[in-house]
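This report refers to the structure that appears directly beneath it.
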There are 2 protein chains.
Amino acid sequence: MVSIKDIAKQAGVSISTVSLALNGSPKVTDETSAKILAIADQLNYVPNAAARSLKTRESKIIGVYLTDFNGAFYGDLLQGVKEVLNRKEYDMVVCSGKQSHRLLPERMVDGAIILDETFSSEELLKYADLGHKIVVLDRELNHPNINQVLLDNKAGAALAVEHLIEQGHRKLYVVTGPKGSYDSKQRLKAARQTAARFDGVELMEIEGNFNKSDGEQAAERILREYTSPVAVFCLNDEMAIGLYNAVKHTDYVIGRDIHVIGFDNIELSEYTVPRLATIDYSKRKWGALASEQLLKVLAGEPVEHERVYVTLVKGDSAGKA
Amino acid sequence: MVSIKDIAKQAGVSISTVSLALNGSPKVTDETSAKILAIADQLNYVPNAAARSLKTRESKIIGVYLTDFNGAFYGDLLQGVKEVLNRKEYDMVVCSGKQSHRLLPERMVDGAIILDETFSSEELLKYADLGHKIVVLDRELNHPNINQVLLDNKAGAALAVEHLIEQGHRKLYVVTGPKGSYDSKQRLKAARQTAARFDGVELMEIEGNFNKSDGEQAAERILREYTSPVAVFCLNDEMAIGLYNAVKHTDYVIGRDIHVIGFDNIELSEYTVPRLATIDYSKRKWGALASEQLLKVLAGEPVEHERVYVTLVKGDSAGKA
DNA sequence: TTGTATGCGTTATCAT
DNA sequence: ATGATAACGCATACAA
C-alpha cells in the first residue's frame, strides 16, 4: 500500500507538505503541489479510509437499513437518498440484518436511516444515547439524536376510506398489515376513525402481513361471506394484488362485485387490470427528505420531524356501489 | 467515545491486557478478563472500526455493486450473498453509483462483487492490479485477483430457442438487451447460433434495453409485421411482460398468435397469464457462490471461474405453432 | 499473566 | 512555504 510517506520520500518533502498538497491547501506552492500530485498519481496513491476516519472521526458514509432487498418498492427511495447524499460528498451503503447493525456504533457510518421494523427501538435509542445520529422512517421515536420522517398514513387511510364511502359503499373490509408495523397500525387506526364518522358504515377487519398471500386469504373469507358487493381497503398494494389474483379464479369481478383500494402505489399497481385505486406518495422524495434531515442532524442544525404527504389515485378497482 | 484506554484506567490494568481480554485471549486470567468485560459493558464500549481496520488492514466488509436498486430481481441474490458472508463473520453492504467506487481502493471494503455494467472493466482491472479482490457477475475478466461467476447464458438462450422451434415455430423474433450488457450479448449470440442450426428458421432482431417499455415497442413492430403466428424470445422477462401489456390491448392473444419466452424467471413472471415460459436459475445460489468465491480469493486460495446453471420453465405463453 | 512500546496512515498543531 | 511531531484507537511483539 502506498502512503503519503512514500510520496514524501519520492518528492523529497515532508509528509505534512504532502498532506497539505493532497488536500488542496493554498499554503503550499503551486510548483511543489503539482509535483506532489503528479507523484501521487504515478504511484496510484489512494488515501486510506480507516486512517482518515480515525483522525477526522467521520467516514462520510451513511447507512440505510432495510428489512430485506425484496420489492421494487425500495428502488426509488434509495435513489432519493443517494442523490442527496452524493451531492454533499457523502456515500450511501445499504444493509440488512442484525449483523450489520455494528456499522453504526463502530462508526463505520456517520449516521443511519432506518426502514426496518426488525431493528428494535431499544437498540436505536441506545445508539442515539451514545451520540449516533439516526433518522427513522418506520416509527415514532423522540430523542435529540433521532429525527423522524414519516408517511402521512392517517391522511392516506382517511382518503382511502372516504373514497370508498363516497363511491356508495357501506360494507367495508380492511386487510391489515403486520402487528408490529407502524405504518399498518397508523393506517388501521385512521381507517377505523374515518369509518366511525359515517353512519351505517360497517368495517370488518381481516388480519394480514403485507404479503400477496394475505390478500389471497382475505379474498377467500370475503367471498365466503359474500352476499352483496363489498369494498376492501388493503393496507398495502401487495395484498391488494394478492386479492386480485384470488378473485381472478372466480366468477366475481374486481370493480363490480369486489371493490378494492390499496396503499403505496407500487409500480406493479400500474399494470393491474382494472387499475388499482390506491394511495400515492413520492418514494424518491421520502428518501431525499430523510437524508436531508440526517445531514442536518449531523451538522448540528436543529430539525423538526418531517412528514411525507400522500394523494389518492382513483382506479376502476373501486367503482360505484 | 470510550476507548480501551478508558477501560484500562477504570480496571487498573494496561491497554494491552484490555485488548487481549476483549479479543478473548486465553493469555489473560479469567478473573481479570471478567472484570474487564464487565467494565467494558458498563461503559458501553464499542471498538472503533477505523482503528481496528488501520491496524489489521481489513474491515470484514464486502461491497456489492449494483447498477440500481430497482427490480425485485436483486433480492434473492443479495440474500444469498449475505447468508454466506454472515456465516463467516463478514458483513455485506450494497452500493450503487460511481461515487461509491472509492470504498474499494480506500479499503473500506475488503472486496467487491460486481453486477453493474456501468462499473468499467478498466477501472476494475486497475483495482485488481492494486491488489484488491473482486468477483464479477456481469463480464469476463481475467486477472489473478478477479474471479468470475457467470450465468450460463449460452445454454439458456439455446434452451429457449430450441423450445420455440420444437413447438413448431419457424418465424422467430429476438428482443435484445442493452448493447453493453454481457448477458444480452451472450444470449443473443447463442440465440443466433441455435437458430442457424435449423433449416427454415428465420430469426429477426429487435433492439431493446431490458425494460418493460422495450417489450411494448417490440410488440408494436411485431404486430405491424404480423401475417401469421410468430414466436418471440425476449432476452429478459421484464421485456416479455412489457410485450404482454402491449398485446393485451389488441385482439391478438399471447400463446396463440404471439408466442413468447423470456429469461430470468423473475417473481412477477409467476403471476402472468398465460404463464410466461422462461429460463430459470437460482439467484440465491448465484449470490452465495459469488461470495464464497470472493472469500476464497481473499483467503488466498486458488479458485477457478464458476458458472451458474439454468433450466427451461415451460409456460402457455409459448404454445404449439 | 500482565505491562511497555511501537506502528498502522492520516490530520493538525506548532515551529522554523 | 515547509518540516517535525503528536495524536486518533487498536493490536501485537517483546519485556518483565
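In what follows, chains carry the letters A, B, and so on, assigned in the order in which the sequence lines appear, proteins first and then strands, with residues in each chain numbered from 1.
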*List the steps, then state whether side chain to side chain contact (heavy atoms under 4.5 Å, CB included) holds for A/K5 with A/K9.*
CA-CA 6 Å; A/K5 212 183 274 182; A/K9 203 176 295 174; 5.6 Å; no
*Give the intermediate values and the outcome of side chain to side chain contact (heavy atoms under 4.5 Å, CB included) for residues B/L294 and B/N147.*
CA-CA 7 Å; B/L294 183 52; B/N147 184 263; over 6 Å; no
Within the distance-only criterion (no hydrogens, no angle test), does the side chain of [X] pair as donor or acceptor with the backbone N or O of [Y] below 3.5 angstrom?
{"X": "B/D110", "Y": "B/K60", "value": "yes"}
{"X": "B/S291", "Y": "B/G287", "value": "yes"}
{"X": "A/T29", "Y": "A/T32", "value": "no"}

*Could you check A/S3 against B/V13 and say which one's nearest nucleotide on DNA chain C is further toward the 5' end?*
B/V13
*Let me know, please, whether A/I4 or B/T17 comes out on the 5' side of the other along DNA chain C by nearest nucleotide.*
B/T17
*Residue-phosphate contact under 4.0 Å: B/R107 side-chain N/O, C/dG9 OP1/OP2*: no
_Any B/S16 side-chain N or O less than 4.0 Å from OP1/OP2 of C/dG3_ = no
*asked:* Counting only heavy atoms from other residues, nucleotides and ligands, does the tally under 6.0 Å from CG of A/D30 exceed 12?
replied: no
*B/E122, CD: over 12 other non-hydrogen atoms inside 6.0 angstrom*: no
*asked:* Consider side chain to side chain donor-acceptor pair (under 3.5 Å). Of B/R139, B/E140, B/Q148, which one does B/Y182 pass it with?
replied: B/E140
Could you tell me the separation between the [atom1] atom of [X] and the [atom2] atom of [N], rounded to a whole number of Å?
{"X": "B/L54", "N": "C/dC8", "atom1": "CG", "atom2": "C1'", "answer": "4 Å"}
{"X": "A/M1", "N": "C/dG9", "atom1": "CE", "atom2": "P", "answer": "6 Å"}
{"X": "B/E106", "N": "C/dG9", "atom1": "CD", "atom2": "C1'", "answer": "12 Å"}
{"X": "B/K9", "N": "C/dG3", "atom1": "NZ", "atom2": "C1'", "answer": "17 Å"}
{"X": "A/I7", "N": "C/dT10", "atom1": "CD1", "atom2": "P", "answer": "8 Å"}
{"X": "B/R52", "N": "C/dG9", "atom1": "CZ", "atom2": "C1'", "answer": "17 Å"}

_Could you go through A/S16 and A/S19, starting from their C-alpha distance and side-chain angles, then the distance that decides it, and tell me whether this counts as side-chain hydrogen bond (donor to acceptor under 3.5 Å, both in side chains)?_
CA-CA 5 Å; A/S16 354; A/S19 180; over 6 Å; no
*Do the non-hydrogen side-chain atoms of B/I146 and B/V297 ever get within less than 4.5 Å of each other?*
no
_Using five base pairs at each end to define the local axes, how bent is the helix from C/dT1-D/dA16 to C/dT16-D/dA1, to the nearest 10°?_
40°
_Covered region of DNA chain D, 5' end to 3' end, by chain B [heavy atoms, under 4.0 Å]_ = D/dC8 to D/dT12
*Check each residue of residues 22-42 of chain A for a non-hydrogen atom within less than 4.0 Å of any atom in DNA chain C, then write out the ones that pass by number, or none.*
A/N23
*Which pair of heavy atoms, one from B/L66 and one from B/D116, lies closest together, and at what distance?*
O-OD2, 3.6 Å
*5'-most contact on DNA chain D: B/A51 or B/L20, nearest heavy atom basis?*
B/A51
